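Residues: numbered from 1 along the sequence shown. This is a predicted model, so every value here is computed, not measured.
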Amino acid sequence: GREAFVRVMAMQALDSTTATLALAISLYGAGLSTYLAISSRRDARRRLKAGLSINVLADTAEPRTVFMLSAANSGQRVVKIKSAVIRFPDGTQFVPLEPNLGRFLPCELQEGKTLDIPIAIEIVVQALHEYGFKGRVSLRADFRDVLDRQYVSKPFRGKVEAWTRLAESG
C-alpha cells in the first residue's frame with residue numbers, strides 16, 4: 001500500500017518534471033527559430049548608408065573642393081538608386097544641375113560598394129545664398145531607390161560663410 005503510493009507519487013513528480021522540461025525546450029526552440037527568421041530577414045533587406053562631406057579632389061590639374069554625396073550599400077542585395085539631392089535646413093531638396101550628374105545616376109549599387117557623387121561647392125553655396133541661408137546650417141544627403149525608399153544622411157553642419165570662402169579660394 002504505502003510503497004505503491006510512494007511509487008505513484010514519484011512517477012507523477014517525474015512526469016511533471018518531464019513535462020516542464022519538455023515545455024522549456026519547446027519554448028527555447030520556438031524562440032530560437034523566431035530569432036533566426038527575423039535575423040535572416042534583416043540581413044537580406046536593402047541597406048544603404050547615406051553620407052555628406054566636403055572633400056578636395058585632385059583629379060584634375062587644379063584641385064577642387066566639392067560636397068561629396070556618398071551612398072554605401074551594406075546590405076545583402078543590390079540597391080538601384082534613382083536620385084540624389086542635398087536637403088537644405090528648411091527641407092528644400094536641392095537638385096544640383098551639373099552635367100556630370102547623369103553619369104552617376106541611375107545606379108545599380110552592388111553589395112559592399114559605395115557611390116560617391118561630387119558636387120562643386122560653388123553651386124551649393126550659390127543656392128544657399130539664393131535661399132537666404134546664413135550662419136550655421138545643417139545639410140543632409142538624400143537618396144531614393146527605384147522602390148521609392150528614402151535614405152537620408154546624418155546632418156552635416158557648417159557655416160555658410162566658411163563654405164563661401166572655400167568656394168572663392170578654389
Side-chain angles (χ1 to χ4, degrees), residues 30-60 62-170:
L32 184 61
S33 68
T34 301
Y35 169 78
L36 290 173
I38 290 170
S39 178
S40 104
R41 185 172 177 178
R42 184 180 51 222
D43 289 344
R45 74 175 183 217
R46 290 169 180 83
R47 274 193 290 215
L48 199 71
K49 182 163 175 52
L52 182 63
S53 61
I54 290 184
N55 292 10
V56 176
L57 297 183
D59 58 348
T60 60
E62 286 289 317
R64 56 195 177 107
T65 305
V66 297
F67 275 94
M68 189 68 76
L69 286 80
S70 301
N73 184 354
S74 61
Q76 300 298 314
R77 298 176 74 178
V78 172
V79 178
K80 296 176 182 176
I81 301 171
K82 70 176 183 178
S83 70
V85 299
I86 295 176
R87 190 180 305 163
F88 285 172
D90 63 357
T92 301
Q93 292 187 358
F94 172 63
V95 181
L97 299 175
E98 276 203 15
N100 287 344
L101 204 57
R103 74 173 204 211
F104 294 104
L105 297 171
C107 169
E108 282 194 18
L109 196 57
Q110 300 297 319
E111 302 90 339
K113 299 293 182 187
T114 301
L115 170 68
D116 290 322
I117 303 174
I119 306 297
I121 194 169
E122 302 83 23
I123 294 172
V124 178
V125 165
Q126 180 183 350
L128 286 167
H129 285 290
E130 287 174 5
Y131 281 89
F133 292 108
K134 299 180 216 173
R136 291 189 66 73
V137 295
S138 293
L139 306 178
R140 295 176 185 259
D142 186 339
F143 292 87
R144 288 202 186 254
D145 67 14
V146 294
L147 301 174
D148 214 30
R149 288 194 183 103
Q150 185 176 23
Y151 306 91
V152 180
S153 71
K154 291 181 179 177
F156 180 76
R157 294 179 176 88
K159 290 187 176 179
V160 174
E161 293 75 17
W163 294 338
T164 302
R165 284 192 298 278
L166 276 175
E168 290 167 353
S169 69

Item checked: Pairwise side-chain hydrogen bond (donor to acceptor under 3.5 Å, both in side chains) hits with a residue in residues 104-120, at least two apart ->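 Listed by first then second residue: Ser70-Asp116.
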Can you measure from [atom1] ([X]) to [atom2] ([Y]) and round to the nearest 0.5 angstrom?
X	Y	atom1	atom2	result
Asp145	Gln150	CG	CD	10.0 Å
Lys49	Lys154	NZ	NZ	5.0 Å
Lys80	Leu109	NZ	CG	12.5 Å
Arg77	Arg47	CZ	CZ	12.0 Å
Ile81	Leu48	CD1	CG	5.0 Å

Next item on the list: Could you list the residues that satisfy ring-ring contact (aromatic ring centres under 6.0 Å, His included) with Phe67, not counting sequence neighbours?
Entry: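 Phe67: ring-ring contact (aromatic ring centres under 6.0 Å, His included) contacts with Trp163.
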Item checked: For Phe133, all residues meeting ring-ring contact (aromatic ring centres under 6.0 Å, His included), sequence neighbours excluded ->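 ring-ring contact (aromatic ring centres under 6.0 Å, His included) check on Phe133 returns Phe88.
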Next item on the list: Go through the structure and list residues passing salt bridge (Lys or Arg N to Asp or Glu O under 4.0 Å) with Arg87, not counting sequence neighbours.
Entry: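 For Arg87, the residues satisfying salt bridge (Lys or Arg N to Asp or Glu O under 4.0 Å) (neighbours in sequence not counted) are Asp142.
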Notebook entry, point to check: Got a sec, which residues hit side-chain hydrogen bond (donor to acceptor under 3.5 Å, both in side chains) with Ser153, two or more places apart in sequence or on another chain?
Noted result: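 Applying side-chain hydrogen bond (donor to acceptor under 3.5 Å, both in side chains) to Ser153 gives none.
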Mind listing the side-chain donor-acceptor pairs of residues 50-57 below 3.5 Å, one per line with the distance, residues two or more places apart or on another chain?
from, atom 1, to, atom 2, distance (Å)
Ser53, OG, Asn55, OD1, 3.2

Notebook entry, point to check: Which residues satisfy the side-chain contact (heavy atoms from CB on, under 4.5 Å) test with Lys134, sequence neighbours excluded?
Noted result: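 Glu161.
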Next item on the list: For Lys82, enumerate each residue passing the side-chain contact (heavy atoms from CB on, under 4.5 Å) test, keeping only those at least two apart in sequence or located in another chain.
Entry: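 Listed in chain order: Arg144, Val146, Asp148.
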Margin query: I'd like to know whether Ile123 forms a side chain to side chain contact (heavy atoms under 4.5 Å, CB included) with Phe94, so could you lay out the CA-CA distance, the side-chain angles of the two residues, the decisive distance to 0.1 Å, and finally the verdict.
Written below: CA-CA 10 Å; Ile123 294 172; Phe94 172 63; 3.6 Å; yes
Check: Under a 4.5 Å cut-off applied to non-hydrogen side-chain atoms, are Phe143 and Leu69 in contact?
Finding: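 Phe143 vs Leu69: side chains touch.
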Check: So do Leu105 and Leu115 actually touch side chain to side chain, heavy atoms under 4.5 Å?
Finding: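 Contact flag for Leu115/Leu105 side chains = yes.
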Checklist line | Option from Glu122, His129, Glu130 for which side-chain hydrogen bond (donor to acceptor under 3.5 Å, both in side chains) with Gln126 holds | finding: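 That would be Glu130; it is the only one of Glu122, His129, Glu130 passing the side-chain hydrogen bond (donor to acceptor under 3.5 Å, both in side chains) with Gln126.
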